[in-house]
There are 2 protein chains.
Amino acid sequence: MTSTDQLKTLGLKVTGPRLKILALFEQTDQRHLTADDVYRLLMTDSVDVGLATVYRVLTQFEHAGILIRHHFDNDKAVYELNRGGHHDHLLCLQCGHVEEFFDEEIERRQHAIAKKHGFKLAEHALHLYVECERKDCPNRRKTSN
Amino acid sequence: MTSTDQLKTLGLKVTGPRLKILALFEQTDQRHLTADDVYRLLMTDSVDVGLATVYRVLTQFEHAGILIRHHFDNDKAVYELNRGGHHDHLLCLQCGHVEEFFDEEIERRQHAIAKKHGFKLAEHALHLYVECERKDCPNRRKTSN
DNA sequence: CGCGCTATGATAGCGCGTATCAATACCCCA
DNA sequence: TGGGGTATTGATACGCGCTATCATAGCGCG
């Protein structure tokens, strides 16, 4: 399915900015991008999109299920393409490197815990903050600045 | 140990605002307070403390280990008294009710996962967002507004 | 008690994100 | 294919949580 069809299917009008932003997430090797990252990357590609539009499109894509939003413990939200498989995140405190993982048992216990407390689990956030053992942390910073 | 001694031990000058804020956390039944919560509660007790001081004291207390700071998925940070036992949080999406839990097995697996990926676990955040089954959610909102 | 130095309070500033609103671009239909 | 109605865009003002600034106040040591 083309990006155009994808947007139509979701009931979103097919516009330049939306196509450009979607293409960006599909092409870049950066899995996790902030709104500002997106804005800058578009700029460097000489694609002229307003910052407000970037924010709007990102939230629309999130509601449409195309993107997933995360709030790692810094102040900016990051978005990643929703490829379907749920996972949690492991983040290096030194360099900001992000890695993904999934643990069946943890997922199971989360549901059990919620149930034990009399609630129904709706969603969860599990962030493991780690430190690279090496001083010269090999990973590049993920989010700019 | 008195609050005064506690502050001295930590190398913090014993001042009115610091004593008042510490007393607040020790007395209130609200385990999790935002900076604004603290500010308002002091106001209603006719204790005149500037908002800037509230923010400063909270971060000082956090660094000193008296308080623990959490960023639940809303925009404001909340603080709770550090009573020593580590725990994670379960939050009702409807009413903002906060409950605490601890799961030995999840803790264990978190360390194992970090290790498997070649990192050393420094800290973690695990938030379970749940929904009260009942429409008339019985729990009061925890953070004001 | 008095002095030095830190803490405080009022307020300006900052960063991320959202609301506003006129101008634009998409899409439908003739 | 082109015109018109409506959703989208972009520039910018605003909101909110929090921090920086700086003159004044108050803690505590001698």
Side-chain angles (χ1 to χ4, degrees), chain A residues 2-22 24 32-40 42-43 46-64 66-67 69-79 96 142-145, chain B residues 2-22 24 32-40 42-43 46-64 66-67 69-79 96 142-145:
Chain A
T2 71
S3 297
T4 296
D5 291 338
Q6 193 177 354
L7 291 178
K8 278 184 185 162
T9 304
L10 294 165
L12 292 171
K13 201 178 271 187
V14 179
T15 67
R18 298 215 258 241
L19 284 173
K20 292 293 167 43
I21 292 173
L22 184 49
L24 186 60
H32 303 87
L33 298 175
T34 66
D36 199 60
D37 288 338
V38 171
Y39 180 65
R40 287 179 204 228
L42 292 175
M43 296 295 256
S46 307
V47 178
D48 218 346
V49 174
L51 185 54
T53 300
V54 171
Y55 276 106
R56 270 183 308 231
V57 171
L58 290 178
T59 49
Q60 287 161 355
F61 282 5
E62 189 207 352
H63 291 140
I66 302 176
L67 296 178
R69 187 168 73 124
H70 302 287
H71 254 109
F72 300 144
D73 212 13
N74 58 48
D75 35 7
K76 317 184 193 181
V78 299
Y79 292 84
K142 268 295 163 63
T143 52
S144 41
N145 287 16
Chain B
T2 71
S3 296
T4 297
D5 290 340
Q6 194 178 352
L7 291 177
K8 276 185 185 161
T9 303
L10 294 165
L12 293 171
K13 199 179 275 190
V14 178
T15 68
R18 287 182 190 158
L19 285 173
K20 293 295 167 41
I21 291 173
L22 185 49
L24 186 61
H32 303 86
L33 298 175
T34 65
D36 199 60
D37 288 338
V38 171
Y39 181 64
R40 288 177 203 230
L42 292 175
M43 295 297 256
S46 307
V47 177
D48 219 347
V49 175
L51 184 55
T53 300
V54 171
Y55 276 105
R56 269 183 307 231
V57 171
L58 290 178
T59 49
Q60 286 162 354
F61 281 5
E62 189 207 352
H63 291 142
I66 302 175
L67 296 178
R69 186 167 74 124
H70 302 288
H71 254 108
F72 301 144
D73 212 11
N74 59 46
D75 36 7
K76 318 183 191 184
V78 298
Y79 293 84
K142 269 292 163 63
T143 53
S144 42
N145 288 15

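Lettering follows sequence order; numbering is per chain, from 1. The structure presented is a predicted model; accordingly, all values stated were derived computationally and were not measured.
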Answer yes or no: is there a side-chain heavy-atom contact under 4.5 Å between B:Leu33 and B:Tyr79?
no
To the side chain of A:Thr59, which of C:dG17, C:dT18, D:dC18 is closest?
C:dT18
In whole Å, I'd like the distance from the CD atom of B:Glu62 to the P atom of D:dC18.
12 Å
For B:Tyr55 and D:dT21, what is the distance between atoms OH and C1' respectively, to the nearest whole Å?
17 Å
Here the distance between atom P of D:dG10 and atom CG of A:Leu58, to the nearest Å, is 13 Å
What one-letter contact string describes nucleotides 6-14 of chain C from 5' to 3', where B marks a base within less than 4.0 Å of any protein heavy atom, S marks contact via sugar-phosphate atoms alone, and - marks no contact?
SSBBBB---
Is there a donor-acceptor pair closer than 3.5 Å between any side-chain N or O of B:Arg18 and the backbone N or O of B:Leu12?
no
For A:Leu7 and C:dC27, what is the distance between atoms CG and C1' respectively, to the nearest whole Å?
14 Å
Mind calculating the distance between NE2 (B:His71) and P (C:dG15) to the nearest angstrom?
17 Å
Would you mind reading off the distance between A:Ile21 atom CD1 and D:dT8 atom C1', rounded to a whole angstrom?
12 Å
Just the rounded figure in Å: distance from C1' of D:dG17 to CG of B:Asn74.
11 Å
Which atom of B:Val54 lies closest to which atom of B:Ala35, heavy atoms considered:
CG1-O, 3.5 Å
C:dC16 C1' sits how many Å from A:Leu33 CG, rounded?
17 Å
What does D:dC29 pair with, Watson-Crick or G-U, if both distances are under 3.5 Å?
C:dG2
C:dT11 - base-pair partner by Watson-Crick or wobble geometry, distances under 3.5 Å:
D:dA20
Evaluate the side-chain proximity of B:Leu7 to B:Phe61: yes if any heavy-atom separation is below 4.5 Å, no if none is.
yes
Check: A:Val49 main-chain N/O paired with A:Thr53 side-chain donor or acceptor under 3.5 Å
no
Do A:Lys20 and A:Leu42 have side-chain heavy atoms sitting under 4.5 Å apart?
yes
Where do B:Tyr39 and B:Leu51 come nearest, in terms of heavy atoms and distance?
CE1-N, 3.6 Å
